[in-house]
Amino acid sequence: MQTLTPVTLRSRPSLDETELELINARLESASPSEIIAWAHDRFGDRLAMTASFADTTLIDLATSVAPDVEVIFLDTGFHFAETLNTVRRAMERYALNLTVLRPPADADDVWEHGSDACCAARKVAPLDRYLTGHVDAWLSGLRRVDSPERADTPIVSIDRRGLVKVNPMANMTDDEYESYIADHEVLVNTLAYDGYASIGCWPCTEPSTDGRSGRWGGTKTECGLHL
Ligand code: SF4
């Protein structure tokens with residue numbers, strides 16, 4: 001006789017176009033904390049966040065609302081020591097529920113395969129594999145002022161995986177961002193004090209005072225995670 005394995009089916013809470021429009025209209029004037037609270041209420045433990053550890057602003061905001069929120073760090077194998085040190089400091093300060101995703105040992109690299117293939121293998125594929133089926137929604141730290149390409153970043157959208165993507169800091173200005181860091185004594189990657197306006201992997205990041213222009217030698221501004 002065939003043995004049946006009991007399974008629990010759960011429906012994915014998705015947002016249709018009408019609800020998405022209404023939520024974005026409502027959250028456009030909400031604070032980052034209010035946006036995170038909405039996402040946490042809606043998705044509970046099926047909500048996670050990603051962190052690049054350029055600083056811990058989004059971590060500070062998110063853990064204030066949901067202390068156990070899962071924080072995902074993409075360890076490409078090419079991070080600056082200063083970034084890994086920021087991860088360590090954040091672990092100590094926030095007792096993070098941290099998940100570190102790493103690529104396979106033979107993943108494409110930037111020297112032999114180029115930056116598109118390297119980012120795809122070391123960032124995009126690991127996050128795609130992990131998020132799909134594991135969460136229903138995720139928080140990212142995109143801001144509209146980061147770059148012209150991010151100027152239209154919505155507060156809430158459906159990403160290419162079909163997951164709900166929430167950008168609680170989308171409409172934060174630089175002044176608001178810097179004030180939050182100062183007021184909350186947010187941890188900042190020490191490379192920021194050495195002139196790195198944007199911090200990625202060491203083979204592809206130069207000091208820059210102009211947004212993301214120090215990334216990939218100016219050949220691109222996005223790794224593919226947010227496309
Ligand atoms: S930023 Fe550079 S080193 Fe890092 S994954 Fe992309 S191409 Fe590879």
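One-based numbering, in listed order, for ligands and for the atoms of each.
Residues F53 and I59 have side chains in contact (heavy-atom distance under 4.5 Å, counting atoms from C-beta outward).
Side-chain atoms of T205 and Y196 form no donor-acceptor pair, as typed in the model, at a separation below 3.5 Å.
Every salt bridge (Lys or Arg N to Asp or Glu O under 4.0 Å) that R93 has, sequence neighbours left out, goes to D60. Scored by the salt bridge (Lys or Arg N to Asp or Glu O under 4.0 Å) test, E206 finds no partners at all (sequence neighbours excluded).
Neighbouring protein atoms of atom 2 (Fe) of ligand 1 (N, O or S, distance under 2.8 Å, waters ignored): C204 SG.
Screening residues 73-84 for side chain to side chain donor-acceptor pair (under 3.5 Å), with sequence neighbours left out, gives D75-R102, T83-N189.
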>> Before you tell me yes or no, could you show the steps for W111 and F78 under ring-ring contact (aromatic ring centres under 6.0 Å, His included), namely the whole-Å CA-CA distance, both residues' side-chain angles and the distance that decides it to 0.1 Å?
In response: CA-CA 12 Å; W111 298 281; F78 297 127; 5.2 Å; yes

